[in-house]
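Model, not experiment: these values are computed from the prediction. Here is the naming used below: chain letters follow the sequence lines, and residue numbers restart at 1 for every chain.
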There are 2 protein chains.
Amino acid sequence: MSKTLAENTSDARSRLLDAAMTVIRQKGFSATTVDDICQAAGLTKGSFFHYFKSKQDLGVAAAQHFADMADGLFGSADYRKLADPVDRLLGYVDLRVAILQGPISSFTCLLGTMTQEVYKSHPAILAACDRHMAEHIGELVKDITEARDLYCPDALWTPDSLGLHIQAVLQGSFIFAKARGGPEVAVEILGHLRRYLKMLFKR
Amino acid sequence: MSKTLAENTSDARSRLLDAAMTVIRQKGFSATTVDDICQAAGLTKGSFFHYFKSKQDLGVAAAQHFADMADGLFGSADYRKLADPVDRLLGYVDLRVAILQGPISSFTCLLGTMTQEVYKSHPAILAACDRHMAEHIGELVKDITEARDLYCPDALWTPDSLGLHIQAVLQGSFIFAKARGGPEVAVEILGHLRRYLKMLFKR
DNA sequence: TTCGACATACCAACCAGTTGGTATGCAGAT
DNA sequence: ATCTGCATACCAACTGGTTGGTATGTCGAA
């Protein structure tokens with residue numbers, strides 16, 4: 001019943017996944033050792049391999065875990081209730097800007113980070129990252145499609161391509177946040193994304 | 001003077017750097033071993049540590065090497081001679097699209113890849129990546145400034161932020177190219193970047 | 001003979017994964 | 001209620017292969 005604070009106290013598997021999310025976003029997948037994760041979770045290796053049959057297996061599960069967390073965050077956000085689909089898209093971007101706080105590893109995308117690293121070496125992880133990113137984009141594409149039908153049905157671009165573009169800008173902004181050691185540069189970059197969206201959907 | 005294509009035959013240091021560029025872009029910095037690089041270069045470890053005092057040292061040199069290569073490519077491209085700065089910017093994007101061919105590791109950015117991975121663990125490499133990316137962006141910013149002065153001097157955004165944005169879109173498009181296993185998706189993403197630039201600089 | 005360029009052989013640290021074990025909980029039989 | 005049997009959860013210690021790095025040697029050019 002008694003629980004320490006930093007090391008969260010839910011079941012061991014969740015603790016390992018939370019730890020993995022944090023550590024992998026800091027050091028990358030290859031550079032994080034199983035021991036790193038165990039230490040961060042306050043558990044031992046035996047426990048780790050009780051829940052995950054390999055490090056790659058953990059990678060896949062961590063991608064899932066991250067996607068679930070993101071789903072919760074964006075699925076329940078206030079901007080989702082706005083009537084105009086363009087407002088929802090801008091609300092999404094604004095929320096992403098608002099999130100840019102605290103340590104870098106707290107707002108960057110585990111899926112993008114792992115994709116970069118494992119695309120040749122761990123196909124299972126790559127596939128998981130691709131699938132979860134596609135699902136996340138899928139939600140955006142719903143709003144994009146609606147907005148396009150409403151404000152520019154004759155536009156030359158497809159909703160899917162714009163969803164990808166939005167996500168690409170985000171991923172790119174994370175890289176520069178890492179390079180510069182802070183989120184300020186990402187805010188500037190997302191400013192252009194926001195402007196582009198407003199220009200596309202002239203009301 | 002005569003050089004084979006894959007394994008080139010120039011001096012050992014260059015061969016090691018070329019090999020590092022290729023292998024690191026495939027497997028990431030942490031996952032590539034010194035032996036990997038030596039094997040790809042057709043040399044041995046003794047030679048490696050003759051030229052680089054550590055793996056991190058190689059990372060810094062590889063970033064430099066990559067930046068030099070990029071400088072050569074973009075510095076001498078035809079679009080640089082165009083009179084209108086907007087044409088030069090669009091020419092830059094078009095060249096980046098044209099480059100999206102062959103294996104993924106041949107067109108992705110070593111600097112972006114390494115930044116993601118080493119931002120907490122190898123400050124020297126991170127600093128090198130940041131510096132070279134900033135220099136590359138600096139070239140873009142010249143054209144952006146000129147274009148802004150010419151076509152939209154009252155715009156609310158700064159040339160620097162647009163340079164970063166362009167580069168962020170590129171970096172993001174590489175991530176998706178890796179996730180999807182091909183460059184097609186990057187072409188779609190860059191299409192939006194191109195449209196944004198044309199909208200910004202209405203002529 | 002000396003020096004730079006490279007090779008060979010080797011080491012200590014590290015790392016993913018294994019082994020063998022203990023503690024605890026639970027289900028059903030008695 | 002209590003005992004038995006078995007599964008789950010977790011741990012400490014170990015292993016075999018790998019990795020960054022070193023020590024030493026060879027060879028050709030100056």
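- Nucleic acid contact class of B:Lys45 (heavy atoms, under 4.0 Å, all strands): base.
- The nearest whole Å value for the distance from the CZ atom in A:Arg13 to the P atom in D:dT8 is 15 Å.
- Whole-Å rounding puts the B:Ile37 CD1 to C:dC6 P distance at 16 Å.
- Between B:Asp36 and A:Gly46, the residue whose closest nucleotide on DNA chain D is further toward the 5' end is A:Gly46.
- Taking every side-chain heavy atom of B:His50 into account, C:dA5 is the closest of C:dA5, C:dA7, C:dA16.
- Atoms CZ (A:Phe48) and C1' (D:dC10) sit 14 Å apart, rounded to a whole Å.
- Regarding contacts with the backbone of D:dC10, a side-chain N or O of A:Tyr51 is found under 4.0 angstrom from either OP1 or OP2.
- Atom pair B:Lys55:NZ and D:dG21:P shows a separation of 8 Å (rounding to whole Å applied).
- Rounded to an integer number of Å, the gap from A:Phe49 CZ to C:dG20 P is 17 Å.
- A salt bridge links A:Arg194 with A:Asp94: the distance from a Lys NZ or Arg NE/NH1/NH2 to an Asp or Glu carboxylate oxygen falls below 4.0 Å.
- Distance A:Asp35 CG to D:dC11 P: 13 Å, rounded to the nearest Å.
- Rounded to an integer number of Å, the gap from CD of A:Gln56 to C1' of C:dC15 is 16 Å.
- Residue B:Thr44 is in base contact, counting any heavy-atom pair closer than 4.0 Å across all strands shown.
- The distance from atom CD1 of A:Ile24 to atom C1' of C:dA16 is 14 Å, rounded to the nearest whole Å.
- The pair B:Asp18-B:Arg13 fails the salt-bridge criterion, with no side-chain N (NZ, NE, NH1 or NH2) lying under 4.0 Å from an Asp/Glu carboxylate O.
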Report task. Mind running side-chain hydrogen bond (donor to acceptor under 3.5 Å, both in side chains) on A:Asp143 and A:Tyr79 for me, showing each step along the way? Result -> CA-CA 12 Å; A:Asp143 288 339; A:Tyr79 72 83; over 6 Å; no

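- Residue contacts shown for B:Thr32 are limited to sugar-phosphate atoms, with no base heavy atom under 4.0 Å away.
- Remark: the A:Ser14 side chain and the A:Asp11 side chain contain an N/O donor-acceptor pair separated by less than 3.5 Å.
- In this structure, A:His165 has its ring center at least 6.0 angstrom away from the ring center of B:Tyr196.
- Closest contact between the side chain of B:Thr33 and the listed nucleotides D:dT19, D:dG21, C:dA16 involves D:dT19.
- Here A:Ser47 lies in heavy-atom contact (under 4.0 Å) with a base.
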